[in-house]
Amino acid sequence: MTRTSIREVLQSDSPEPEVLIEGWVRTKRDSKAFSFIEVNDGSCLANLQIVADATLEGYDESVIPLTTGASVSIRGKVVESQGKGQNWEMQAISVKLLGAAEGDFPLQKKGHSMEFLRSIAHLRPRSNLFGAVFRVRSRMAYSIHQFFQEQGFVYVHTPVITASDCEGAGEMFRVVTMDGEEVRLGDDEFFGKPSYLTVSGQLEGETFACALSNIYTFGPTFRAENSHTSRHASEFWMIEPEIAFCDLNADMDLAEAMIKHLVTDALESCREDLGFFDKFVDKGLIGRLESVRDRAFERVSYTDAVKILQESGAKFEYPVEYGHNLQSEHERYLTETHFKCPTTVYDYPKEIKPFYMRTNDDGKTVAAMDLLVPGIGEIVGGSQREERLDVLRANMKAHALEEADYSWYIDLRRYGSVPHAGFGLGFERLLMFVTGVANIRDVIPFPRTPGSAEF
RNA sequence: UCCUCUGUAGCUCAGCGGUAGAGCGGGUGGCUGUUAACCACUAGGUCGUUGGUUCGAACCCAACCGGAGGAGCCA
């Protein structure tokens, strides 16, 4: 007999004489004449309620010993439920205990802290919350590919190991080989020179955009920053589209369209899971996502944003000053208090941005943009890239970078250079935004943070 | 890297100077369709570690270790 998913069973529109379901016991309630077993197989948030009569063959061996966490294979009749709380339930025909769960199974029906659940990252996907988070994560990954593929973008796999110290930003993890306990360095180095885990596929992505026009990357990136916040991880996934023949305006259009597409799809495809988040994790989540879907985003230049902040009368811990990066509190004020919606800030002073961003005609600012969302802050960072060879060289000099290290990148400007632009989207930050989950460690299966690489 | 909070039973917590408690979970028994089921009984703890203050420390002090939050940096 073929297994039916619990999701399909619960979506039945008529009774079924016999189906087979398999999953894990969430809870069991016994009375003298029968037991109620709640089974979840991860196909959806809801459990299937099984009614197992005490007269069932093997009841004492298969049903009585069931505890939370045990795995079962159950055949039964799908019938309308007599009780409240569910439309359908299963009247068991046979219950088979596949794997018993020992008495110290750590997941209970209530009262776990997120910290504790992180310490059992191998079991937490069996909880309602994490099951929902990782179903949404999967759907959003699919939806990202769908968004780009439907517009003819080519998916490019940029390298995880890189020898270019991408834009000189952020601490990097060094990749080494070992000779026993000895690290091989110098002439012994595996690649003949220092190599690192990538912090961004952008520069490599640009080379492909300058051939295939519209490309995107979607893969893991690594930062060795010693940062202890709920929004940073040492290993995270990033989406980086790069578009040739494109300026900053079209880049911002694309970023906004992508966020809207993802939020719209989440609302349509993940309703049950979002409903759970809205109820237990972040009240008002669905309403907020609907307004993101339906309302236009705001756009404001860095110069105007500074004016808004200075004239706001709000008290900030750090002063607002042209030429300085916007602080977290400033970003929060713009998106949560002033505009009350996702907001793109563009045209930043060139001094505070990397060398590859395109210098604007004013000579003071670069064509950079950050898309800020309420509750999280920066979710997208992007720019139009400097396509003019002489300006790029001058910028590199100003940033004290060696041209020899970026010869291949400079070549793009020597052979058929085109205006192009792109951005990076932090996948986990998007998931925090869509699910309302407050900590990045809880939207990635096995989080890596400073001092912690369990599992 | 800096600042702040925190560490008591498997879990969530109470106890805050007189030597360990509850609820949940586990075990056993009971129970009329329950759904965070219910009722009874029961097992389970060198109170993060080390040192100090005190007649006496889970409680006060110090250092260390673990966890969390914020800042910076960023995605």
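- Base pairing of C41(B) is made with G27(B), judged by Watson-Crick or G-U wobble geometry with both donor-acceptor distances under 3.5 Å.
- Ion pairing of Arg293(A) with Asp265(A) is absent here, as no side-chain N (NZ or NE/NH1/NH2) approaches a carboxylate O to less than 4.0 Å.
- The interatomic distance linking Phe316(A) (CZ) with G72(B) (P) rounds to 13 Å, in whole Å.
- Between the side chain of Glu225(A) and the base of U1(B) there is no donor-acceptor pair of N/O atoms closer than 3.5 Å.
- Within the nucleic acid shown, Phe34(A) comes within 4.0 Å of at least one base atom, counting heavy atoms only.
- Taking atom C1' in both C60(B) and C47(B), one finds a spacing of 15 Å when rounded to whole Å.
- Exactly one of Arg26(A), Gln86(A), Lys28(A), Arg29(A) qualifies for a side chain to side chain donor-acceptor pair (under 3.5 Å) with Glu38(A). That residue is Arg29(A).
- Considering only side-chain atoms of Ser113(A), the nucleotide from C74(B), U12(B), C31(B) that sits closest is U12(B).
- Residue Ser328(A) is in sugar-phosphate contact alone, with no base atom involved, counting any heavy-atom pair closer than 4.0 Å across all strands shown.
- Among the atoms of the strands shown, only primed sugar atoms or phosphate atoms (P, OP1, OP2) are found under 4.0 Å from some heavy atom of Thr67(A).
- Among the heavy atoms of the strands lying under 4.0 Å from Ile379(A) are primed sugar atoms or P, OP1, OP2 only; no base atom is included.
- Across all strands shown, Phe36(A) has heavy atoms under 4.0 Å from base atoms, whether or not it also approaches the sugar-phosphate.
- Taking side-chain N and O atoms only, Ser230(A) has a distance below 4.0 Å to OP1 or OP2 of G70(B).
- Using a 4.5 Å cut-off on side-chain heavy atoms (C-beta onward), Asp347(A) and Val366(A) make no contact.
- Heavy-atom nearest nucleotides on RNA chain B were determined for Phe105(A) and for Lys28(A), and the one closer to the 5' end corresponds to Phe105(A).
- We find that Lys77(A) and Glu16(A) are not joined by a salt bridge, their nearest charged nitrogen and carboxylate oxygen being 4.0 Å or further apart.
- Between His228(A) atom NE2 and U1(B) atom P there is a gap of 9 Å when expressed in whole angstrom units.
- Here the side chain of Asn439(A) is nearest to one of C74(B), A71(B), A68(B), namely A68(B).
- Nucleotides U46(B) and U8(B), compared at atom C1', are 13 Å apart to the nearest Å.
- At the heavy-atom level, Arg26(A) lies nowhere under 4.0 Å from the strands shown.
- The number of heavy atoms from other shown groups lying within 6.0 Å of OH (Tyr322(A)) is above 12.
- Residue contacts for Asp104(A): at a heavy-atom cut-off of 4.0 Å it reaches no nucleic acid atom on any strand shown.
- For Leu326(A) and A75(B), the CG to C1' distance is 16 Å, given to the nearest whole Å.
- Base pairing of G7(B): its partner is C65(B), meeting the Watson-Crick or G-U wobble criterion (both donor-acceptor distances under 3.5 Å).
- One cannot find a donor-acceptor pair under 3.5 Å joining the base of C11(B) and the side-chain atoms of His112(A).
- Spacing between atom CG of Asp370(A) and atom P of A75(B) amounts to 8 Å, rounded to whole angstrom units.
- Backbone-only contact: Asn325(A) has heavy atoms under 4.0 Å from sugar-phosphate atoms and none from a base.
- Regarding Met140(A), its CE atom lies at a distance of 18 Å from the C1' atom of A75(B), rounded to whole Å.
- If you look at Phe148(A) and Tyr155(A), their ring centroids are not closer than 6.0 Å.
- Side-chain atoms of Thr229(A) lie closest to G70(B) of the nucleotides G70(B), C24(B), C74(B).
- Among the protein residues, Arg332(A) comes within range of the sugar-phosphate backbone only, with heavy atoms under 4.0 Å from sugar or phosphate atoms but none that close to a base.
- Glu38(A) comes within 4.0 angstrom of a base, heavy atoms only.
- Using a 4.0 Å heavy-atom cutoff across all strands shown, Arg231(A) reaches at least one base atom of the nucleic acid.
- When each of Ala233(A) and Thr449(A) is assigned the nucleotide of RNA chain B with its nearest heavy atom, Thr449(A) is the one assigned upstream, toward the 5' end.
- Distance CG (Asn226(A)) to C1' (A71(B)): 13 Å, rounded to an integer number of Å.
- Closest contact between the side chain of Glu89(A) and the listed nucleotides U34(B), G25(B), G72(B) involves U34(B).
- One finds a side-chain N or O of Arg441(A) lying less than 4.0 angstrom from the OP1 or OP2 phosphate oxygen of A68(B).
- Here the side chain of Asp30(A) is nearest to one of C31(B), A71(B), C74(B), namely C31(B).
- Between the side chain of Arg429(A) and the base of C74(B), at least one donor-acceptor pair of N or O atoms lies under 3.5 Å.
- Side-chain to base pairing of Gln49(A) with U34(B): one donor and one acceptor N or O lie within less than 3.5 Å of each other.
- Within the shown strands, G70(B) is the pairing partner of C2(B) under the Watson-Crick or G-U definition, both distances less than 3.5 Å.
- The cationic group of Lys350(A) does not satisfy the cation-pi geometry with Phe355(A), failing either the under 6.0 Å distance to the six-membered ring centre or the 45° limit from the ring axis.
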### Message
Does Asp442(A) form a salt bridge (charged side-chain N to carboxylate O under 4.0 Å, His left out) with Arg118(A)? I'd like the steps, not just the answer.
### Response
CA-CA 7 Å; Asp442(A) 302 324; Arg118(A) 273 170 221 149; 2.8 Å; yes

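- Searching all strands for a Watson-Crick or G-U wobble partner of U12(B) with both distances below 3.5 Å returns A22(B).
- Nucleic acid contact for Glu115(A): sugar-phosphate only, since backbone atoms but no base atoms lie under 4.0 Å from a heavy atom of the residue.
- Note on Ser81(A): a base of the nucleic acid sits closer than 4.0 angstrom, heavy atoms only.
- Comparing the C1' positions of U12(B) and G67(B) gives an interatomic distance of 16 Å, to the nearest angstrom.
- Of the candidates G33(B), C11(B), A71(B), G33(B) carries the atom nearest the Gln82(A) side chain, counting heavy atoms from C-beta on.
- At G33(B), one or more side-chain N or O atoms of Ser31(A) fall inside 4.0 Å of OP1 or OP2 (strictly under the cut-off).
- Note on Gln86(A): a base of the nucleic acid sits closer than 4.0 angstrom, heavy atoms only.
- A distance of about 15 Å separates the P atoms of A20(B) and A9(B), rounded to the whole Å.
- Residue His324(A) places its NE2 atom among 12 or fewer non-hydrogen atoms of other residues, nucleotides or ligands, all under 6.0 Å distant.
- One atom, CD1 of Ile440(A), and another, C1' of A68(B), lie 16 Å apart when rounded to the nearest Å.
- When the P atom is used for both G27(B) and C64(B), the distance is 43 Å, rounded to whole Å.
- Taking a pair to require two hydrogen-bonding distances under 3.5 Å in either a Watson-Crick or a G-U wobble arrangement, C60(B) pairs with G52(B).
- Between Arg118(A) and A68(B) there is a side-chain N or O to OP1 or OP2 distance below 4.0 Å.
- One interatomic measurement links the two molecules: CG of Leu117(A) to C1' of U12(B), which rounds to 12 Å at whole-angstrom precision.
- Under a cut-off of 6.0 angstrom, the local environment of CZ in Phe208(A) is sparse, with at most 12 non-hydrogen atoms contributed by other residues, nucleotides or ligands.
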